[in-house]
Undergrad: 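What follows is a single structure, and I will ask about it in a moment.
What you see below is based on every heavy atom in this structure, not just the backbone, and it leaves out hydrogens, waters and symmetry mates. Protein chains get the first letters and strands the later ones, always in sequence-line order, with residue 1 at the start of each.
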Protein chains: 2
Amino acid sequence: MPQSDQTETDAADRFNQARAAQSVALLEDYAEMIGDLMEEMGEARITDIARRMGVTHPTATKAVARLKREGLAISRPYRGVFLTEAGLALADRVRARHRVVVAVLEALGVPAETAELDAEGMEHHVSEVTLAAFERFLIARG
Amino acid sequence: MPQSDQTETDAADRFNQARAAQSVALLEDYAEMIGDLMEEMGEARITDIARRMGVTHPTATKAVARLKREGLAISRPYRGVFLTEAGLALADRVRARHRVVVAVLEALGVPAETAELDAEGMEHHVSEVTLAAFERFLIARG
DNA sequence: TCAAAAGTGTAGCCCTGGCTTTATTTGGCC
DNA sequence: GGCCAAATAAAGCCAGGGCTACACTTTTGA
Ligand SMILES: [Mn+2]
Ligand SMILES: [Mn+2]
Ligand SMILES: [Mn+2]
Ligand SMILES: [Mn+2]
């Protein structure tokens, strides 16, 4: 394989991975947040989800519909939303990863509020391998 | 402002920033890549753009249409695509940021190929403040 | 108790960013 | 010079993720 072909497939692979990560980003954020609300309030109401996500309630309803379709949440009409086992597992993984990303940013000298803001988008593109490296870095650093 | 209200607006702000960053991510990646192709080949053809992005050529055509609409590129029918001054400036900023993000990941112990893959998505969520911190970190580290 | 407020559902609109299919143009080559 | 392959354009489909407007249900409190 000539070098220029290699350059092209490598680039395409990168963009494909980024697109794949983006396509689950919304599910991850909703799962994490619904988990938070269940913890805090016992249930997650559409209105509360929408307010925290900064969207209108029909938008939150659509996202929850997708979560249900993917087996991550359940709900009955006019009742709260609840995560399934799979949803809870996802929420936990996402929450842990979020904290690691914020911690790494802060360790690198990023102000706390900025770290929180940037981590919200960056986290979804942090692969398992990178997450492991982040954790090693945080431990080594003490 | 009660603490719970604060929690909610903070979260909404985070998600809004992440959405805003995502909405320009595509422009950034195309600008960077068209800049690369102009450098390598003298012009950027739709077919080459599409192959490198890992999409079909109608998809690339649509993206280029958006770049033109935003004043970042120009092109005439059946001719190559070229960046405007604004497009070139964007491409340069994006390319520099991309390199910094990759360098930081590698400095944290992430393998080179993984760093390239993850950086492609993460870079778009790295704010100016965070980028500055990254650069200081890289310099301090030598 | 029951009316008003709050919450939820649903329909339908828009834009983005993928895709396939079909038409048109260009460019290389005999 | 003309033909054929490659490139480009154009049209139209789909899903995702935002929105508004409107209908319906549930909860609250006087
Ligand atoms: Mn997030
Ligand atoms: Mn998060
Ligand atoms: Mn990118
Ligand atoms: Mn990039």
Undergrad: Starting at atom CD of E70(A), determine the distance to atom C1' of dA15(D), rounded to an integer number of angstrom.
TA: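 One finds 12 Å between C1' of dA15(D) and CD of E70(A), rounded.
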
Undergrad: OP1 or OP2 of dT10(C) sitting under 4.0 Å from any side-chain N/O of T61(A)?
TA: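 No.
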
Undergrad: Using 0.5 Å steps for rounding, measure from the CD atom of E116(B) to the CD atom of E120(B).
TA: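 Nearest 0.5 Å value for the CD-CD distance: 7.5 Å.
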
Undergrad: Examine dC19(D): is either OP1 or OP2 under 4.0 Å from a nitrogen or oxygen in the side chain of T59(A)? Give yes or no.
TA: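 Checking T59(A) against dC19(D): at least one side-chain N or O falls below 4.0 Å of OP1 or OP2.
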
Undergrad: Name the closest nucleotide to the H57(A) side chain, picking from dT8(C), dA7(D), dC19(C).
TA: dT8(C)

Undergrad: Rounded to the Å, how far apart are L26(A) CG and dG18(D) C1'?
TA: 11 Å

Undergrad: Under 3.5 Å, is there a donor-acceptor pair linking the side chains of H125(A) and Q22(A)?
TA: yes

Undergrad: Could you check how far CG of D29(B) sits from P of dT16(C), rounded to whole Å?
TA: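 Nearest whole value for this atom pair: 17 Å.
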
Undergrad: Which of these nucleotides, dT21(C), dG12(C), dG17(C), is closest to any side-chain atom of P58(B)?
TA: dT21(C)

Undergrad: To the nearest Å, give me how far apart NE2 (H124(A)) and P (dG16(D)) are.
TA: 17 Å

Undergrad: Any base atoms under 4.0 Å from R69(A), or only sugar-phosphate, or nothing? Heavy atoms, all strands.
TA: sugar-phosphate

Undergrad: Taking only the side-chain nitrogens and oxygens of T56(A), find out if one of them lies under 4.0 Å from OP1 or OP2 of dC19(D).
TA: yes

Undergrad: Does the side chain of H124(B) reach to within under 4.5 Å of the side chain of R97(B), using non-hydrogen atoms?
TA: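 Of all side-chain heavy-atom pairs linking R97(B) with H124(B), at least one is under 4.5 Å.
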
Undergrad: Between T9(B) and R52(A), is the side chain to side chain contact (heavy atoms under 4.5 Å, CB included) condition met? List the steps.
TA: CA-CA 7 Å; T9(B) 56; R52(A) 284 214 189 175; over 6 Å; no

Undergrad: Taking the nucleotide of DNA chain D with the nearest heavy atom to each, does K62(B) or S23(A) sit closer to the 5' end?
TA: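 Nearest-nucleotide comparison on DNA chain D picks K62(B).
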
Undergrad: Roughly how many Å is it from OH in Y30(A) to P in dG16(D), rounded to a whole number?
TA: 14 Å

Undergrad: Using OP1 and OP2 only, check whether a side-chain N or O of R66(B) sits under 4.0 Å from dG17(C).
TA: yes

Undergrad: Any ion pair linking E43(B) and R79(B) (charged N to carboxylate O, less than 4.0 Å)?
TA: no

Undergrad: Using atom types as modelled and distance alone, determine if a side-chain donor or acceptor of D118(A) lies under 3.5 Å from a backbone N or O of S127(B).
TA: yes

Undergrad: Step by step, work out the salt bridge (Lys or Arg N to Asp or Glu O under 4.0 Å) result for R95(A) and D36(A).
TA: CA-CA 9 Å; R95(A) 189 175 301 109; D36(A) 290 346; 3.0 Å; yes

Undergrad: Side chains of H98(A) and V101(A): does their closest heavy-atom pair fall under 4.5 Å?
TA: no

Undergrad: Which comes earlier along DNA chain C counting from the 5' end, the contact point of L27(B) or that of G80(A), where each point is its nearest nucleotide?
TA: G80(A)

Undergrad: Rounded to the nearest angstrom, tell me the gap between atom CZ in F15(A) and atom P in dG17(C).
TA: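 Answer to the nearest Å: 14 Å.
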
Undergrad: Give each protein N/O atom lying under 3.5 Å from an N/O atom of nucleotides 24-26 of chain C, with the pair distance.
TA:
unit_1  : atom_1 : unit_2 : atom_2 : d
dT24(C) : O2     : Y78(B) : OH     : 3.1
dT25(C) : O4'    : Y78(B) : OH     : 3.1

Undergrad: Could you give the CG-to-P distance, from D48(B) to dT8(D), as a whole number of Å?
TA: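 So the CG-P distance, D48(B) to dT8(D), works out to 7 Å.
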
Undergrad: State whether T47(A) places a side-chain N or O below 4.0 Å from either non-bridging phosphate oxygen (OP1 or OP2) of dT8(C).
TA: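 Affirmative; the distance criterion is met.
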
Undergrad: In whole angstroms, how far is the P atom of dG17(D) from the CZ atom of R19(A)?
TA: 15 Å

